[in-house]
Engineer: 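First, the structure itself, so that you have it in front of you.
Indexing begins at 1, ligand by ligand and atom by atom, following the structure's order. Throughout, numbering of the chain's residues begins at 1 and tracks the sequence.
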Amino acid sequence: MAKILVTGGLGYIGSHTVVELVAAGYEPVIVDDLSNSNIKILDQLSKIIGFKPAFHQFDLCDMEKLEKFVAAEPGIEGIIHFAAFKAVGESVKNPLKYYHTNIASLVNLLKVYKDKPADFVFSSSCTVYGQPDILPVTEDAPVKPAQSPYGNTKQIAEEILKDAVVSGDVKKVIALRYFNPVGAHESALIGELPNGVPQNLVPFITQTAIGKREKITVFGNDYNTKDGSCIRDYIHVVDLAKAHVAALKLMANNDFKGYDVFNLGTGNGNTVLEIIAAFENTTGVKLNYEIGPRREGDVEKVWGDVTKSANVLKWTAKLGIDVMMASAWEWEKYLSQNPS
Ligand code: NAD
Ligand code: WQD
């Protein structure tokens, strides 16, 4: 059983990936400092996979603790690096927090595993494309100037990883550019834990539906799209998690060399109003929403070309919008019945 380090493994995407790693026969070792998670997630995760996975709580920016961890957990064959801060708005207000955590954690990991043969999977984002000139956007589309310090950390991280492959500090790297991850595990035991008022669409929808928020505002209906609201490529978090297993398998192949990057989306775009309608139809819950002004910094429309992921990574998303909405709703209901 190959031992895989999952940084941020108690977070939203990391926890779902731990489930898929175990299902595929890997042994996950989780590092998380709980800065954006809760220790309860470890128990929930254990219920799904049937055992308690190895877990180490510390901040990856702390080199001393990281070195101790590496000594205590020898034989790591792969690293999936999720740990990072991800709130776009907060990153504008507090850029140094983002540059510090998102960059230092990556550089520290690369340093401590420099002479060890661990393949590396990195969580990047479709945010690197900004507003693409051509849709669907392919991996070779130009990276546009970042709209936020958060987005910039993803661009810089991709550059760092490319440089580290050239220098030989790391042998094999796959950067995965996620589109918009939504939904939750079918058990409703793990899901997204938004910090404070959600910035993202689907948690805001489910919190409004459950009564935590009075109403949701649709940020603009005057865009150049079919109904005037923005278009995104929403992808179920379980599909996304499976792509990380596919990335490890691809790198285990002797033909894979160096650095590569893949889009992780469904290849389809949906408007905000379509997502709201899908939520209402799937759950039978009427949503209190209003049309408001545009949100600063939003791109009008983006969805991914997933041909390369299908052909090279041998991965495609399977779950549709209805499953995304239904599972997000089950998770919200679970949270309301089990307050932390
Ligand atoms: P998340 O906040 O739920 O998970 C991140 C986890 O990392 C948390 O559990 C947090 O406690 C932990 N963490 C943060 N800093 C740490 C540190 N210094 N040391 C140890 N642990 C630390 O976020 P997520 O949605 O699961 O995102 C995972 C990754 O995917 C991030 O890198 C994020 O930028 C990227 N990403 C997310 C989205 C999205 O919409 N969710 C989209 C594109 C890319
Ligand atoms: C989706 C759509 C909003 C909330 C962000 C990050 C990006 C990536 C994914 C990490 C947009 C609209 C939202 C609301 C709304 N994260 N909306 N009312 O903006 O595509 O991307 O998360 O890498 O970097 O920027 O996702 O979920 O915030 O918004 O109308 O209350 O929903 O305008 O069109 P976004 P989102």
Engineer: Is it true that the side chains of Asn221 and Ser229 contain a donor and an acceptor less than 3.5 Å apart?
Structural biologist: no

Engineer: With a cutoff of 4.0 Å, is Pro181 in contact with ligand 1, counting heavy atoms of the residue only?
Structural biologist: yes

Engineer: Taking the ring of Tyr178 and the ring of His244, is the distance between their centroids below 6.0 Å?
Structural biologist: yes

Engineer: Stepwise, does the salt bridge (charged side-chain N to carboxylate O under 4.0 Å, His left out) test hold for Glu330 with Lys333?
Structural biologist: CA-CA 5 Å; Glu330 290 308 312; Lys333 285 193 284 184; 3.2 Å; yes

Engineer: Among all protein non-hydrogen atoms, which one is nearest to atom 15 (N) of ligand 1, and what is the separation to 0.1 Å?
Structural biologist: Ser35 OG, 3.7 Å

Engineer: Could you tell me if any non-hydrogen atom of His81 lies under 4.0 Å from any atom of ligand 1?
Structural biologist: no

Engineer: Against heavy atoms of Val88, which atoms of ligand 2 measure under 4.0 Å?
Structural biologist: 6 (C), 25 (O)

Engineer: Taking a cutoff of less than 4.0 Å between a non-hydrogen atom of the residue and any ligand atom, is Tyr289 in contact with ligand 2?
Structural biologist: no

Engineer: Does Lys86 have a non-hydrogen atom less than 4.0 Å from ligand 2?
Structural biologist: no

Engineer: Would you say Tyr150 and ligand 1 have an N/O pair spaced under 3.5 Å apart?
Structural biologist: yes

Engineer: Within the 4.0 Å heavy-atom shell around Val218, which atoms of ligand 2 are there?
Structural biologist: 30 (O)

Engineer: Among all protein non-hydrogen atoms, which one is nearest to atom 17 (N) of ligand 2, and what is the separation to 0.1 Å?
Structural biologist: Phe219 CD1, 3.5 Å

Engineer: Among protein heavy atoms, which lies nearest atom 26 (O) of ligand 2, and at what distance?
Structural biologist: Asn180 ND2, 3.2 Å

Engineer: Backbone or side chain, does any N or O of Phe204 fall under 3.5 Å from an N or O of ligand 2?
Structural biologist: no

Engineer: Taking both backbone and side-chain atoms of Leu201, is any N or O found less than 3.5 Å from an N or O belonging to ligand 2?
Structural biologist: yes

Engineer: Nearest to atom 3 (O) of ligand 1, what protein heavy atom do you find, and at what distance?
Structural biologist: Tyr12 N, 2.8 Å

Engineer: Answer yes or no: does atom CD of Glu214 have more than 12 heavy-atom neighbours from other residues, nucleotides or ligands under 6.0 Å?
Structural biologist: no

Engineer: Can you report which non-hydrogen protein atom sits closest to atom 34 (O) of ligand 2, along with the distance?
Structural biologist: Cys230 CB, 3.0 Å

Engineer: So is Ser15 close enough to ligand 1, meaning a heavy atom under 4.0 angstrom away?
Structural biologist: no

Engineer: Is the cationic atom of Lys308 (NZ for Lys, CZ for Arg) positioned less than 6.0 Å from the six-membered ring centroid of Phe262 and within 45 degrees of its normal?
Structural biologist: yes

Engineer: Is the closest heavy atom of Tyr178 to ligand 2 under 4.0 Å?
Structural biologist: no

Engineer: Which pairs pass salt bridge (Lys or Arg N to Asp or Glu O under 4.0 Å) with one or both residues in residues 22-51, sequence neighbours excluded?
Structural biologist: Asp43-Lys52

Engineer: Name the closest protein heavy atom to atom 18 (N) of ligand 2, giving the residue it belongs to and the distance to 0.1 Å.
Structural biologist: Thr217 O, 2.8 Å

Engineer: Under 3.5 Å between some N or O of ligand 1 and some N or O of Asp59?
Structural biologist: yes

Engineer: Nearest to atom 22 (O) of ligand 2, what protein heavy atom do you find, and at what distance?
Structural biologist: Asn200 ND2, 3.2 Å

Engineer: Hey, does the Lys NZ or Arg CZ of Arg232 hover above the aromatic six-ring of Phe179, less than 6.0 Å from the centre and inside 45° of the axis?
Structural biologist: no

Engineer: Could you name the option among Phe82, Tyr178, Phe179, Tyr98 that has the heavy atom nearest to atom 30 (O) of ligand 1?
Structural biologist: Tyr178

Engineer: Between Phe85 and Lys97, is there a cation-pi geometry (under 6.0 Å to ring centre, at most 45° from the normal)?
Structural biologist: yes

Engineer: Is there a polar contact, in the sense of an N or O pair closer than 3.5 Å, between Ile13 and ligand 1?
Structural biologist: yes

Engineer: Show me the donor-acceptor pairs within less than 3.5 Å that the side chains of residues 70-80 make with the rest of the protein, sequence neighbours left out.
Structural biologist:
residue: Glu73; atom: OE1; partner: Lys3; partner atom: NZ; Å: 2.8
residue: Glu73; atom: OE2; partner: His56; partner atom: NE2; Å: 2.8

Engineer: Give the atoms of ligand 2, by number and element, whose distance to some non-hydrogen atom of Thr127 is under 4.0 Å.
Structural biologist: 24 (O)

